[in-house]
2 protein chains.
Amino acid sequence: MSSANSLAVEDLGSAAQRDRRKRILDATIALASQGGFDAVQMRAVAEQADVALGTLYRYFPSKIHLLVSALQREFERTEVALRDKPIEGDTTAERVITVLKRTTRGMQSDPKLTEALTRAFMFADASVQAEIHQVGMLLTSMLTRVMRPEGHDEVTDEDIAIAKVIGDVWLSALVGWVTGRNSAAETGQQIEVAVKLLLRD
Amino acid sequence: MSSANSLAVEDLGSAAQRDRRKRILDATIALASQGGFDAVQMRAVAEQADVALGTLYRYFPSKIHLLVSALQREFERTEVALRDKPIEGDTTAERVITVLKRTTRGMQSDPKLTEALTRAFMFADASVQAEIHQVGMLLTSMLTRVMRPEGHDEVTDEDIAIAKVIGDVWLSALVGWVTGRNSAAETGQQIEVAVKLLLRD
DNA sequence: TCTAAAATCGGAACACGTTCCAGTTTGCCC
DNA sequence: GGGCAAACTGGAACGTGTTCCGATTTTAGA
């Protein structure tokens with residue numbers, strides 16, 4: 001444990017290590033953004049991040065871990081950016097749809113990157129459980145916050161259940177779009193229909 | 001076109017070709033059932049099906065195509081088996097939950113096979129669109145039939161929308177289970193909650 | 001039955017994820 | 001500053017999906 005704070009959930013190590021980790025994730029995002037999942041080749045990432053292949057594997061034990069970690073970082077950024085934006089819309093359904101569509105549009109503006117990250121997410125097995133869980137929680141909390149803005153009613157179990165279902169649909173829609181089975185418009189439709197069904201009150 | 005019926009959607013070719021195709025899919029299922037996605041190795045499939053590697057690729061242009069085609073065959077079997085079983089349950093929600101849980105249980109009884117097929121399904125890109133679409137239609141029609149048993153009301157657009165959302169949740173749940181993030185019980189729960197939310201009338 | 005085209009075979013070859021290793025550098029403690 | 005353990009480097013090596021090719025077999029048509 002190199003940090004003085006032994007309770008920290010994430011121990012990022014020395015400054016040099018943090019820097020390497022950042023360079024690796026930056027290279028990952030850059031390559032993914034440019035060429036998608038297939039372009040994120042471990043040798044290429046290592047070269048672009050200026051580390052040896054073995055070092056890359058020391059930081060991230062597989063390509064999937066690497067991409068899911070990148071996803072996590074991006075998602076945290078998105079969530080923070082969204083956190084202090086006012087949420088327009090009167091009804092719950094309207095607000096949720098607005099936020100989801102905005103987020104989806106953001107992802108669709110960088111299709112290759114989205115493809116790479118989504119694919120990795122879908123392919124991740126139990127060994128990536130921690131990172132995946134993190135992302136799932138982030139999404140659910142993002143949705144419940146939109147559903148029950150500050151000051152309003154308590155977040156109920158049903159709210160959480162609904163948020164999870166919406167998350168599932170969003171994921172399916174995203175996969176459909178990423179794999180070229182649905183258009184962007186269809187993806188938006190799919191989410192909108194689900195939200196309206198789930199939040200009709 | 002080797003068939004006299006030029007309108008046939010599927011042209012399966014000569015008897016020898018049908019036989020090879022069947023042997024390949026049988027080998028795929030056997031290997032998947034025994035060792036999951038990773039065990040379905042193209043050389044192993046070719047050997048077990050007693051065809052050359054090049055021939056395997058002539059029939060199925062990639063491992064993903066191969067597995068999705070296997071999924072399609074299995075799913076058709078399941079759907080036919082389900083078709084003439086009486087659907088117990090009074091309310092729509094009950095019937096849907098019963099059927100989905102039964103199907104899910106069936107898949108969970110062969111975890112490795114389910115893992116292999118689900119992974120392939122999630123990873124499939126646009127080049128497998130046809131097969132994927134086929135499977136999606138099968139699932140949706142299965143669900144709407146359960147929702148609106150023969151003789152009852154017409155199947156509405158809303159029914160179809162609901163069926164699609166349920167399908168999305170089912171897929172997400174399945175992926176969660178397959179990748180070891182959810183237990184079998186949680187998977188059942190997840191589906192039940194979604195169905196109850198969507199079919200509360 | 002004969003022949004040309006298509007299909008199949010056996011196997012080499014290539015790409016990329018992953019592992020491994022010997023040598024070098026870095027960071028830390030005395 | 002010296003010594004030691006951990007981290008890093010460069011690169012070889014291996015497994016599996018995929019491609020390719022020359023030789024052989026099967027199929028279909030005249």
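Chain naming here is simple, since letters A, B, ... match the order of the sequence lines and numbering starts at 1 in each.
Counting only residues at least two apart or on different chains, the salt bridge (charged side-chain N to carboxylate O under 4.0 Å, His left out) pairs with a member in residues 106-130 of chain A are A:Glu115-A:Arg119.
For C:dA7, the OP1/OP2 oxygens have no side-chain nitrogen or oxygen of B:Thr55 closer than 4.0 Å. Remark: A:Arg43 is not in phosphate contact with C:dC16, judged by side-chain N or O atoms under 4.0 Å from OP1 or OP2. The shortest distance between the side-chain N/O atoms of A:Tyr59 and the OP1/OP2 oxygens of D:dC8 is below 4.0 Å.
Spacing between atom CD1 of B:Ile24 and atom C1' of C:dA7 amounts to 12 Å, rounded to whole angstrom units. Between B:Leu56 atom CG and C:dG11 atom C1' the separation is 15 Å, expressed in whole Å. Taking atom CG of A:Asp19 as the reference point, atom P of D:dC8 lies 11 Å away to the nearest angstrom. Atom pair B:Leu53:CG and C:dG11:C1' shows a separation of 9 Å (rounding to whole Å applied). Regarding A:Arg58, its CZ atom lies at a distance of 8 Å from the C1' atom of D:dC8, rounded to whole Å. For the pair B:Met42 CE and C:dA15 C1', the computed distance is 16 Å after rounding to whole Å. The CZ-P distance, from B:Arg20 to D:dT25, rounds to 14 Å in whole Å.
Considering all non-hydrogen atoms of both residues, A:Val193 and B:Ala161 come closest at CG1-CB, 3.6 Å.
Note on A:Val45: nothing from the nucleic acid sits closer than 4.0 angstrom, heavy atoms only.
A heavy atom lying under 4.0 Å from DNA chain C marks none of the residues of residues 112-132 of chain A.
A cation-pi contact links B:Lys63 to B:Phe37, judged by a cut-off of 6.0 Å to the six-membered ring centre and 45° from its axis.
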